[in-house]
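Below is one structure, written out as C-alpha cells; the observations come after it.
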Amino acid sequence: MTKEITPHEVAAGGANRKFKFAFSRKQLCIPYGLFLAMFVVLPLLLIVFHSFTDKNGGFSVDNFVRFFTSSTTLTTLIISVLIGFATTLICIIIAYPVAYILARSNLNKGGTLLMLFIMPMWINFVLRAMAMKDLLTLIGVFGFNNYVNVIIGMVYDYLPFMILPIYTVLIKMDKSLIEASLDLGASPFRTFTRITFPLSVSGIASGATMVFMPTMTCYVISDTFGNGLITIIGKLIDEQFTTFQNWNLGSAMALVLLVIMLVSMWVTGGFKSDDVRGTNL
C-alpha cells in the first residue's frame, strides 16, 4: 500500500534540498574558479596572443626570432640565469645549516628563532635593499664589483625563502629514522648523509624554485646594487612594455621566461618522492 505524503513532508524535503545545495562543495569552488579565470588564465591568454602577433594584430613569430637572434637579449638572459643560479646556490649553502640548527635547537620554542629570520619579510623589500646597500657602503664593502653587489642583495632578500621550506621539512622529519641509524652503529656524519640530507632534498628543491626565478626578474635589486649598470631579463621585459611600448616583444620575452620557469619547476620537482617519510610540505 502506497503511503500518502503530506504537504508538510514535501516542504521539509524541499528545505533540506535547498540547505544541501547552499553548502555544496562544488558551489564553493565557483568564486575561486572565477578568480583564476579573471586574473590568471585571461592575462596568460593575452600574453600568448601578443607574443604570436605583430603590432597590426596579424600572426607572426618575429618576436621570438628577434629574441633568440638578438645578442642583447641572449646576453641578458645568460646573465640573469647565472645571477639566479649563483644566488640560489649561495642561499642553499647558508640556509641549510641555519635551518638544520633551528630544527634541532632546544631553544626554538614556539618558533622564536625562526621568526627572527622571517620577520624581515614583513618589511618592504625595497626598504630592505636600500638599508643593506647603505650598510655595505658604511663598512666599505659596497662598490668593488657590481655583479657581486647584486648577488649579495639577492641573497639578502631571498634567503628567508630558502630557510623556511628546508626548516619545514627538517622539523617534520621522522626522528625515529635518525635514532634507529645511530642505534645501529652509524656515525652522525653517515646518518646525516644517508638519512637526513636525502629526506630534506624536497625542501631544497622547493626553496630553489622560490629563489631562482624571482632573482631573474627582480630588477629593483639589480638596479639598486648594480648602480643601474646591470640589466636582467625582468628589466628588459619592463622596458619593452613601459619605455618602447612594444607589447608584442615584451609578451614574447615573458612567455619565454614562463617556459624557463616551468622547466625549472619540472626539474626541481623530479627530486621529490611521494613515498619518502617525513618530506611532505
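Heavy atoms only: backbone and side chains are in, while hydrogens, waters and symmetry mates are out.
Annotation: Arg128, atom CZ; neighbour count of heavy atoms from other residues, nucleotides and ligands within 6.0 Å is above 12. Heavy-atom neighbours of Tyr156 OH from other residues, nucleotides or ligands within 6.0 Å: above the threshold of 12. Shown here is Phe35, whose CZ atom has no more than 12 heavy atoms of other residues, nucleotides or ligands within 6.0 Å.
Under a hydrophobic clustering in which Ile, Leu, Val, Met, Phe, Trp and Tyr are joined whenever their side-chain heavy atoms come within less than 4.5 Å, directly or via other members, Leu82 and Met216 fall into different clusters. In this structure, Leu44 is not a member of the same hydrophobic cluster as Leu46, with clusters built from ILVMFWY side-chain heavy atoms closer than 4.5 Å. Both Leu74 and Phe64 sit in one connected hydrophobic cluster of ILVMFWY residues. Membership requires side-chain heavy atoms under 4.5 Å apart, directly or through other members. A single hydrophobic cluster is seen to contain both Ile232 and Val126, as judged by linkage of ILVMFWY side chains at heavy-atom distances under 4.5 Å, directly or through other members. Clustering ILVMFWY residues whenever any of their side-chain heavy atoms sit less than 4.5 angstrom apart, transitively, puts Val48 in the very cluster that holds Phe68.
Checked by atom type and distance alone, the side chain of Ser70 never pairs as donor or acceptor with a backbone atom of Phe67 at under 3.5 Å. Although no hydrogens or angles enter the test, the distance criterion places a donor-acceptor pair under 3.5 Å between the side chain of Lys133 and the main chain of Thr224. Not one N or O on the side chain of Thr243 forms a donor-acceptor pair closer than 3.5 Å with the backbone of Gln240. A donor-acceptor pair under 3.5 Å is absent between the side-chain atoms of Thr191 and the main chain of Ser181, judged by distance alone. Judged by distance alone, with hydrogens and angles left aside, the side-chain atoms of Asn227 form no donor-acceptor pair with the main-chain N or O of Leu229 at under 3.5 Å. A distance-only check finds a donor-acceptor pair linking the side chain of Asn149 to the backbone of Asn145 [under 3.5 Å]. When atom types are taken as modelled, the side chain of Lys172 and the backbone of Leu170 share no donor-acceptor pair closer than 3.5 angstrom. One N or O on the side chain of Thr215 and one on the backbone of Phe212 form a donor-acceptor pair closer than 3.5 Å. Thr217 contributes a side-chain N or O that, together with a main-chain N or O of Pro214, makes up a donor-acceptor pair within less than 3.5 Å. Between the side chain of Thr209 and the main chain of Ala205, a donor-acceptor pair closer than 3.5 Å is present.
Using a 4.5 Å heavy-atom cutoff, the side chains of Asp54 and Asp62 are not in contact. In this structure, the side chains of Leu199 and Val169 stay at 4.5 Å or more apart for every pair of heavy atoms. With contacts defined as side-chain heavy-atom distances shorter than 4.5 Å, the pair Phe225/Met132 qualifies. Side-chain contact between Phe49 and Asn248: absent, with no pair of heavy atoms (C-beta onward) separated by less than 4.5 Å.
The two residues Pro43 and Met38 have their closest heavy-atom pair at CD-O, 3.4 Å. Taking both residues in full, the closest heavy atoms of Thr76 and Ile233 are given as CG2-N, 3.5 Å, listed atom of the first, atom of the second, then distance. Of all heavy-atom pairs between Ile47 and Ala254, the closest is CG2-CB, 4.5 Å. Here the shortest heavy-atom pairing between Ile237 and Gly250 reads CG2-O, 3.9 Å. The minimum heavy-atom distance between Met173 and Thr196, with the atom names listed, is CE-O, 3.5 Å.
When only modelled atom types and interatomic distance are considered, Ser251 and Asn63 share no side-chain donor-acceptor pair under 3.5 Å. Checked by atom type, the side-chain pair Ser200/Tyr96 shows a donor-acceptor distance below 3.5 Å.
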**OP:** Start with the C-alpha distance between Gln245 and Lys55, add both sets of side-chain angles, then the distance that settles side-chain contact (heavy atoms from CB on, under 4.5 Å), and finish with yes or no.
**Re:** CA-CA 10 Å; Gln245 297 294 316; Lys55 293 184 177 180; over 6 Å; no
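Ring geometry for Phe59 versus Phe52: interplanar angle under 30°, hence parallel rather than tilted (30 to 60°). Note: Phe192 and Tyr100 have perpendicular aromatic rings, judged against thresholds of 30 and 60 degrees for the angle between ring planes.
Of the residues Leu249, Leu255, Val61, the one that meets the side-chain contact (heavy atoms from CB on, under 4.5 Å) test with Ser51 is Leu255.
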